[in-house]
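A short worksheet on the structure shown next.
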Amino acid sequence: MLDRKLIVDQADRVKQNCTHRGVKCDIDRLVQLETARRQKLHEVEELNRKANEMAKSIGQTKDPAEREARKEQGRQLRDQKDAAQAEHDRLEQEVHALELTVPNLTHPAAPIGGEKDSKEIRRGTTAIRKFDFPPLDHVALGEKLGLFDLEAGARTTGHGFYFLKNDGVLLDLALQRYAVEVLMLEGFSLTTTPDLARNEILEGIGFNPRGPETQVYSVENSDLSLVGTAEITLGGMFSGQTLDDGKLPIKIAGISHCFRTEAGAHGQATRGIYRVHQFTKVEMFAYTLPEASDAMHEQLLVIECKIFDGLGIPYRVIDTASGDLGGPAYRKFDLEAWMPGRGKEGEFGEITSTSNCADYQSRRLGIRFKKKGEKGTHFVHTLNGTAVANTRALIAILENYQEADGSVLVPEALRGWVGKDRIASNSTC
RNA sequence: GGAGAGGUGGCUGAGUGGUCGAAAGCGCCGGUUUGCUAAACCGGUGAAGACUUAACCGUCUUCCGCAGGUUCGAAUCCUGUCCUCUCCGCCA
């Protein structure tokens, strides 16, 4: 959510930003409604003031007839106020509905345009490997090695669900442990988070919990939804709070399950465990002072790179173009890992992403900070980044570390936690 | 799941229909005093929004978990809801 004053005062800038983002928003109408709303608000305040004055005078009036007369006047003032208030609230609702559709502003350095305008800005330290045998994709590898079972997932729950099995489980746990280790050393506090959250928190983060295009599962007869990412709960942790500036930045890592309906995503690269309805993720989240969010964003990106350099996975970093940013992000970097089994001769596939949402989420969630010795409060900046999304990381490891005999080497960084150097066919069920 | 109790400013805590955005204490900030520190004393000290101003100041509205209701008037009465605590039951 953007500052309304900013929308009104800089309508042209906001409009142009909407164009860059490829989002249709009726900014003119929003400005017009907001102006009307503010006028109504004055009316309400004025009537309130008069009614308060009247009410006060009644307390000091002794004469019974005079009291009755004033009571009647007071009643009338309140009625007028209620009418004005109702009109104001109606306008407020409309403004709010429009406001929710306005995307965040865009970082001046972010490329403008659609997906193909996104820029590659760096590469990982691991070179793309040349295979002297035809590499398999993760589905074939996983089946051969008994690491996951897609059919059983479909039988029990539906398409897009899976069982991890055997060494697949060990790899999953090792990835989490590895990511947690890195984040701990980077000064993050550790959490495991609720897998459900209130819908108002979802909305604050920028998810739409309802409607046909919703990305999340909601729980019937409640105002809860399954989270699509721990970003939701980690951002909700301090909703409505005012933080001391001395406490910032706050860096929190959260492990959660992620549930996504992937509505409208059918037909795309859905093979295997690339696009699933549930996976486990270690997420980074940061609250910063406004002037510190750019640097924090870079820091989150560097950590993501460190994690995948450490795993020995080749990747590139993408500075996402304006049209591809999604609503809340001010700027977004994606890590795309090289996946040798993807497409004909291998392709890059997204494995992590990190966004600077500036004050877009904190404004909706009411997360402020107070500077010592200064009056008033300001909104914090929020940032998020994936440390490890387990299914995608699993794909990258299997496909990049496969051997001619169909076995898979365990990345050195994970060996201590997996407990072996190589995964060979050893399935038991 | 059952039975109770409670949610007030940074904290503790008073406040059961008007003069309450709210006593008092603590904390914090500023000052006086003072080898230094401490103590003592004096003053100040919530937030959001709007109007006004070059800015400071000032004025108004709203906020006592949240949302409604009663009333001329609500922190105070009523309803719902969320949360916390205690006891009982159940349970990983």
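Here is how names work: the chains are called A, B, and so on, in the same order as the sequence lines, proteins then strands, and each is numbered from 1.
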Could you tell me whether A:D9 and A:K5 have a side-chain N and a carboxylate O separated by less than 4.0 Å?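 Salt bridge flag = no for A:K5 with A:D9.
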
**Salt bridge flag under 4.0 Å for residues A:E87 and A:K40** =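 Salt bridge: no.
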
Checking contacts here: which listed nucleotide ([options]) is nearest the side-chain heavy atoms of [X]?
X	options	result
A:R198	B:U62, B:C83, B:G18	B:C83
A:R75	B:U71, B:C82, B:U61	B:U71
A:N48	B:C60, B:G73, B:U62	B:U62

Exercise for review: Could you tell me whether A:D244 contacts a base, only the sugar-phosphate backbone, or nothing, with contacts defined as non-hydrogen atoms closer than 4.0 Å?
Suggested key: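 Since no nucleic acid heavy atom lies under 4.0 Å of A:D244, the category is nothing.
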
Its contact letters, B for base, S for sugar-phosphate only and - for none at protein heavy atoms under 4.0 Å, make nucleotides 47-56 of chain B read SSBSS-----

Pair A:F148-A:F163, ring pair (Phe, Tyr, Trp, His ring centres under 6.0 Å): steps then yes or no: CA-CA 5 Å; A:F148 45 80; A:F163 288 79; over 10 Å; no

(message) Measuring to OP1 and OP2 of B:G73, would you say a side-chain N or O of A:N52 lies under 4.0 angstrom away?
(response)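 It does not, given that no N or O in the side chain of A:N52 lies less than 4.0 Å from OP1 or OP2 of B:G73.
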
Option from A:V388, A:L164, A:L147 for which side-chain contact (heavy atoms from CB on, under 4.5 Å) with A:D172 holds
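Testing each of A:V388, A:L164, A:L147 against A:D172, the sole residue satisfying side-chain contact (heavy atoms from CB on, under 4.5 Å) is A:L164.
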
Looking at A:E298, I'd like to know if its CD atom is crowded, meaning that more than 12 non-hydrogen atoms belonging to other residues, nucleotides or ligands lie closer than 6.0 Å.
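Yes, because the 6.0 Å sphere around CD of A:E298 holds more than 12 heavy atoms from other groups.
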
task: Kindly determine whether A:V317 and A:C305 satisfy side chain to side chain contact (heavy atoms under 4.5 Å, CB included), including the steps that lead there.
output: CA-CA 9 Å; A:V317 179; A:C305 291; 4.0 Å; yes

